[in-house]
Student: 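Before anything else, here's the structure in question.
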Amino acid sequence: MSKMLLLLVLLSLLNPAVEALDNGLALKPTMGWLHWERFMCNTDCDTDPDNCISERLYMQMADMMVKDGWREAGYEYVCIDDCWPSHERDAQGRLQPDPKRFPGGIKKLADYVHSKGLKLGIYADVGEKTCAGYPGSLGYYETDAQTFADWDVDLLKFDGCNLKWTLLGDGYIKMSKALNKTGRSILYSCEWPLYEWPFQTPNYTAIRETCNHWRNFNDVFDSWISIKSILDWTASHQDSIVPSAGPGGWNDPDMLVIGNFGLSHDQQESQMALWAIMAAPLLMSNDLRDICPRSKELLQNRRIIEISQDPLGKQGYRSAKGNSFEVWERPLSKNRLAVAVLNLQEIGGPRGFAISGVAGWKVCDPQCNVTLILPEYKEMGVQTKESKLILKVNPSGTALLTVTPISKDFGRIHWKDTD
Ligand code: GLA
């Protein structure tokens, strides 16, 4: 074996993570806005012009993203979901937007979004029709990929409705290649495993090689039951899905519904904290023109966003469960750790949780620094293995914190310096 080959083998042993789709995108979980959960398939621009799926909606969201600090916080993609196209392809077989709702066309919308320093996402489907019954891409993968590239689109959400499940893999892979062939960098968001799970365990190695993120489970709704079901599904499948996440490819537990109607503030904090722990894409689906200040502050909380975007790119997992608490941990760069403690008891008041019991607390040997991020920011100072820190967690709320080890070496160097 040549030295080079030996080196490569050694390197691959050191880094067993499966290969990601090599398009240079989604090195950190995608951040942006996606219309579906909040605006769904509202095409009635006559009676509901402010909320219908039209170019105006995305232009207004792009305006808000710049004006209200979203772009600065890291939210970058403005994404169209289902119901944008006309029911007919054009004479050349290309998808076209509904002419009444998108009079300027998608290219012009992309130019507008780009002029704001943002990126535009679009939606299509691997099968014969989209989930809402608009034309699907089956038989048109190359045409549609080229159309999106010609329009200067930056992201494609590719749904999995209306296709025999045995053809899903082939379809998703073909579209991935078609996008690549256009030469334009288009982030590729898939729903391949979601549609495959009912029939067989998806091949996450192939999925990671094909997509930049992938939905595994049901659509998110604006309710605590929905958030809990997503967390439960994720935790109970974590052994098969967590290892496949990393720079370039992420598990997608669906949109953030923070700022809508269904979640209490504590529940919104839980969604934000756990989506950061899960290294999930942070795609908000809400109305940025009308959002309460507390939800906005939460979505723009830079300490939580820092956890989400941590350069180590490891997805967190549920490490303990009991007494109606769940502990989730995410390893961070520089040997740091993020810990979320979720109180699932939906009766009574705040309950205490002794943090030193969590598995990752070993990074506090001999000492660590603890920063509480939720429910409020607070430097908890230097702690040790024996510290008796008690967190107070509200019903259906989450305490989120980071733990930073203080190394022995640092202590010694420090001594010498001050000697
Ligand atoms: C599916 C997807 C949703 C959304 C709708 C649109 O249900 O999972 O995220 O895109 O289709 O019809």
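Counting starts at 1 for both ligands and their atoms, in listed order. Values below: every heavy atom of this structure, side chains too, minus hydrogens, waters and symmetry copies. Residues take their numbers from the sequence shown, with the count starting at 1.
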Student: List every atom of ligand 1 that sits less than 4.0 Å from any heavy atom of K157, numbering the atoms from 1 in the order shown and giving each element.
Tutor: 3 (C), 4 (C), 9 (O), 10 (O)
Student: Tell me which part of D159 gets within contact of ligand 1: side chain, backbone, both or neither, using heavy atoms under 4.0 Å.
Tutor: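 The answer is the side chain.
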Student: Name the closest protein heavy atom to atom 5 (C) of ligand 1, giving the residue it belongs to and the distance to 0.1 Å.
Tutor: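 Protein heavy atom with the smallest distance to atom 5 (C) of ligand 1: W36 CE2, 3.7 Å.
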Student: Please work out whether the ring planes of Y188 and Y172 are parallel, tilted or perpendicular, with thresholds of 30° and 60°.
Tutor: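 Correct class here is tilted.
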Student: So is there a nitrogen or oxygen of E191 less than 3.5 Å from a nitrogen or oxygen in ligand 1?
Tutor: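 In this structure, E191 places an N or O atom under 3.5 Å from an N or O of ligand 1.
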Student: With atoms numbered from 1 as shown, which atoms in ligand 1 lie under 4.0 angstrom from a non-hydrogen atom of C131?
Tutor: 1 (C), 11 (O), 12 (O)
Student: Within a radius of less than 6.0 Å around CG of N335, do more than 12 heavy atoms belonging to other residues, nucleotides or ligands occur?
Tutor: no
Student: Looking at Y140, is R89 sitting on its ring face, NZ or CZ under 6.0 Å from the six-membered ring centre and within 45 degrees of the normal?
Tutor: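 That pair qualifies as a cation-pi contact.
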Student: Among D219, T130, L34, N218, which one has a heavy atom closest to atom 8 (O) of ligand 1?
Tutor: D219
Student: Any atoms of ligand 1 less than 4.0 Å from a non-hydrogen atom of D82? List them with their elements.
Tutor: 6 (C), 12 (O)
Student: Classify the ring geometry of H237 against W233: parallel below 30°, tilted from 30° to 60°, perpendicular beyond 60°.
Tutor: parallel
Student: Using a 4.0 Å cutoff against the non-hydrogen atoms of D81, which atoms of ligand 1 qualify?
Tutor: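 Going through ligand 1 atom by atom, the ones under 4.0 Å from D81 are 4 (C), 6 (C), 10 (O).
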Student: Check the side chains of E269 and T398 for a donor-acceptor pair under 3.5 angstrom, ignoring hydrogens and angles.
Tutor: no
Student: Show which atoms of ligand 1 fall inside a sub-4.0 Å distance from at least one heavy-atom site of R215.
Tutor: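 Reading through ligand 1 atom by atom, the close ones are 8 (O), 9 (O).
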Student: Quick one: does NZ or CZ of R303 land under 6.0 Å from the six-membered ring centre of Y377, within 45 degrees of the ring axis?
Tutor: yes
Student: Any luck finding a side-chain donor-acceptor pair between N251 and N216 under 3.5 Å?
Tutor: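 Yes, a side-chain donor-acceptor pair sits under 3.5 Å.
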